[in-house]
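Note sheet for the following structure.
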Amino acid sequence: MQRMSRLFARTLRDDPAEAAIVSHRLLLRAGYIRPLGAGIYSLLPLGWRVHCRVVQVVREEMDRIGCQELLMPVVHPSDLWERTGRFHSVGSEMARLKDRWGRDMVLAMTHEEVATELGQWVASSYRQLPVCIYHFQTKFRDEPRPRGGLLRVREFTMKDAYSFDTDLESQESTYQDFMDAYLRAFRRCGIEPAIVESDAGAMQGSGAHEFHCLTEAGEDTLVVSASGRYAANIEIATAQKPVFDHGEPQPIEKVATPGQETIDDVAAYLGVETHQTLKAVFYWTGDALAFVAIRGDLQVNEAKLRSLLQAPDLRLAADQELEAAGLVAGYASPVGLSNVTVVVDDSVESATNLVAGANEPGFHLVNVNYPRDFQADLRGDIAQVQSGDRSVDHDEPLELMTGIEIGNTFKLGTYYSDRLDAQYLGADGRRHPFVMGSYGIGVGRLAASVVERYHDADGIIWPVSVAPYDVHIVQLGTGDVAADAERLAGELEEAGLSVLLDDRGDSAGVKFNDADLIGLPFRCTVSRRTLAASAVEFKPRAATDRQSIPRDQIVQTVLEARTAALAALTPDAPVTMPTISAS
RNA sequence: CGGGGCGUGGCGCAGUCUGGUAGCGCGCAUCGUUCGGGACGAUGAGGUCGGAGGUUCAAAUCCUCUCGCCCCGACCA
């Protein structure tokens, strides 16, 4: 039992000024976390208990699929990272340091390298495969912009798992096991995740999924079809691109368009729809300029472009870089260009007689046709899906949603095993690289997501599965009242429940408000009034009504309520695409 | 990295423009009265005004530099 009078925490009456997001505000106010720097937090006892509860849920689901827990170090010598190429490719997100001998070390932001090294050491034969390992370990990622309390931090605990299979077929089965385990873990925490296809990004894999908690506070945009049959992160999402008929190709012509620098202006000025224009956008790949041409009614999707160009450091080009290449912003054209890489979205291939810039201020070209008038160095789909677009597979309308990425799964293929010579001896007597997977869950982000999902105007409403304590006893009075509250706490603990006892001398209002703020699932109030009635007042945090329960039945009542609440978190329900809840 | 905002006691803020004894509410401590939804009274503790330099008789306030934090964007396993 923890007494509130001794709890290492402090609840705040006023909202901290820095907190703009619900979970951040409530976790600070209720005394769960305390910032030390940007994106760096201490977990106070309440926060740590939630952390441990979440860890335990995830651990049980990992163990359930036969994944074995271990612990890998945070500080790594750089050589493994040199061998996979990530020591140089990752960039400043990974913190680096030198040891006393001047050797390069890294603070691990993930553990593919070390896991692969361990895997090849242990599993020398196909007879030992498949095998999976996981750990809960501190990650440090030097994020350019931490935000939202625990939602995006620089130091955090991640559950990361790594699988080793003999071949793609086996890995597919292992991957499915992880998907199932993730779904169960999130549901046990009270979150029905949206599962979407995602970008493998720096993981270098061949396929990936993300699990999202749908909430306005999220940073990721997801594209979901009406039936839920298609769901993807917008970074990789595809959609049908409507085709417009602008007639047979006509001779190219230069027209004056004074002062018309935007697509909308030019289209209006020349009396055409935006889909009959060619939009030019310029990116800097890190060492070269890329001229991106896309139909005027579409937006460039930078993640897709980055992937197509294989340019991890892609960014919009600066004006000086445009001038140096002889391009005129607002009037730029791919026609007659030779010194820059031209990337063409496939929307341009089906369009005829487009309006494009003339590379001359105040002039555009009409009846520009690809590939008659200009060539592409690269072609592909680099368009951003927009709300209302239709899915490729089932021709369904697509909707955009926002979510917090609480977990991800990656099919790594043999990227790491190839580079680290991680091989097993197969039944055929030959050596083969492991087919690997990696799977992450951010513990703190998951806890914060639960708060985003479960709260009201008064505070947090923890699901029983991850609450820091099961029962909040509000003791209103001293003497007999205090004695009975203590006795009740003992009985509840005897029954296997964890208890936070508010034994402070504060007024009832203060105590009730703190109880609501902290958000334990069940509240029991003990006072003169309840003592006289040989009863205890019982109120689930999520309920609006208080009940008077006979004193000799209260423990049973709480136990049953908790059991029912746990049963309501059904990990085995069929997968459905959730919608954003009104809470 | 670009744009915006903010650093004054544990929390929320005023004071800065127009330089002149550092304030308010909450919280905290002691005493008393209260006692079922953030009680009341009295007394009290607590701040080198983020830091450094400069201007001035005098700087929270003006100038320069710097550090940090928040928000938007860029970025992002």
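In what follows, chains carry the letters A, B, and so on, assigned in the order in which the sequence lines appear, proteins first and then strands, with residues in each chain numbered from 1. Values below: every heavy atom of this structure, side chains too, minus hydrogens, waters and symmetry copies.
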Span that lies between the [atom1] atom of [M] and that of [N], in whole angstrom:
N: B:C26; M: B:A39; atom1: C1'; value: 14 Å
N: B:G51; M: B:U56; atom1: P; value: 23 Å
N: B:U8; M: B:A52; atom1: P; value: 15 Å
N: B:U18; M: B:G9; atom1: P; value: 25 Å
N: B:C57; M: B:G47; atom1: C1'; value: 26 Å
N: B:C63; M: B:G19; atom1: C1'; value: 13 Å
N: B:G20; M: B:C62; atom1: P; value: 11 Å
N: B:G15; M: B:C6; atom1: P; value: 11 Å

Who does [N] pair with, Watson-Crick or G-U, both distances under 3.5 Å?
N: B:C49; value: none
N: B:A74; value: none
N: B:C28; value: B:G44
N: B:U56; value: none
N: B:U16; value: none
N: B:C35; value: none
N: B:A22; value: none
N: B:C69; value: B:G5

Decide whether a cation-pi geometry holds between [X] and [Y]; the criteria are a distance under 6.0 Å from NZ or CZ to the six-membered ring centre and an angle within 45° of the ring axis.
X: A:Lys539; Y: A:Phe522; answer: no
X: A:Arg184; Y: A:Tyr182; answer: no
X: A:Arg306; Y: A:Tyr283; answer: no

Which pairs, protein N/O on one side and nucleotides 22-24 of chain B N/O on the other, fall under 3.5 Å?
none

SB check [X] [Y] (cutoff 4.0 Å):
X: A:Arg529; Y: A:Glu537; value: no
X: A:Lys511; Y: A:Asp514; value: no
X: A:Glu155; Y: A:Lys139; value: no
X: A:Asp199; Y: A:Lys304; value: no
X: A:Arg419; Y: A:Glu113; value: no
X: A:Arg541; Y: A:Asp456; value: yes
X: A:Arg25; Y: A:Asp15; value: yes

Nucleotide [N], atom [atom2] - distance to [atom1] of [X] in whole Å:
X: A:Arg29; N: B:G12; atom1: CZ; atom2: P; value: 12 Å
X: A:Arg546; N: B:G36; atom1: CZ; atom2: P; value: 11 Å
X: A:Leu12; N: B:C13; atom1: CG; atom2: P; value: 12 Å
X: A:Asp142; N: B:C1; atom1: CG; atom2: C1'; value: 14 Å
X: A:Asp484; N: B:G36; atom1: CG; atom2: C1'; value: 16 Å
X: A:Leu305; N: B:A74; atom1: CG; atom2: P; value: 14 Å
X: A:Asn513; N: B:G36; atom1: CG; atom2: P; value: 14 Å
X: A:Asp502; N: B:G36; atom1: CG; atom2: C1'; value: 13 Å

Could you write nucleotides 25-35 of chain B as a row of B, S and -, 5' to 3', where a protein heavy atom under 4.0 Å of any base atom gives B, of only sugar-phosphate atoms gives S, and otherwise -?
BSS--------
Measure from the ring center of A:Trp48 to the ring center of A:Tyr41 and say whether it is less than 6.0 Å.
no
Each nucleotide N or O in nucleotides 67-71 of chain B that has a protein N or O under 3.5 Å away: list the pair and distance.
from: B:C69; atom 1: OP1; to: A:Ala38; atom 2: N; distance (Å): 2.8
from: B:C70; atom 1: O3'; to: A:Glu18; atom 2: O; distance (Å): 3.3

Can you identify which nucleotide, out of [options], has its nearest atom closest to the [X] side chain?
X: A:Arg34; options: B:C11, B:A74, B:G37; value: B:C11
X: A:Phe512; options: B:G38, B:G36, B:C11; value: B:G36
X: A:Asp514; options: B:G37, B:G36, B:G38; value: B:G38

Residue pair [X] / [Y]: nearest heavy atoms and the distance that separates them:
X: A:Ile406; Y: A:Arg445; result: CG2-O, 4.4 Å
X: A:Leu420; Y: A:Arg83; result: O-NH2, 3.3 Å
X: A:Asn301; Y: A:Gln384; result: ND2-OE1, 3.0 Å

Looking at every strand, decide which applies to [X] at a 4.0 Å heavy-atom threshold: base, sugar-phosphate, or nothing.
X: A:Thr530; result: base
X: A:Arg445; result: nothing
X: A:Pro144; result: base

By nearest nucleotide on RNA chain B, pick out whichever of A:Glu143 and A:Val526 is the more 5' one.
A:Val526
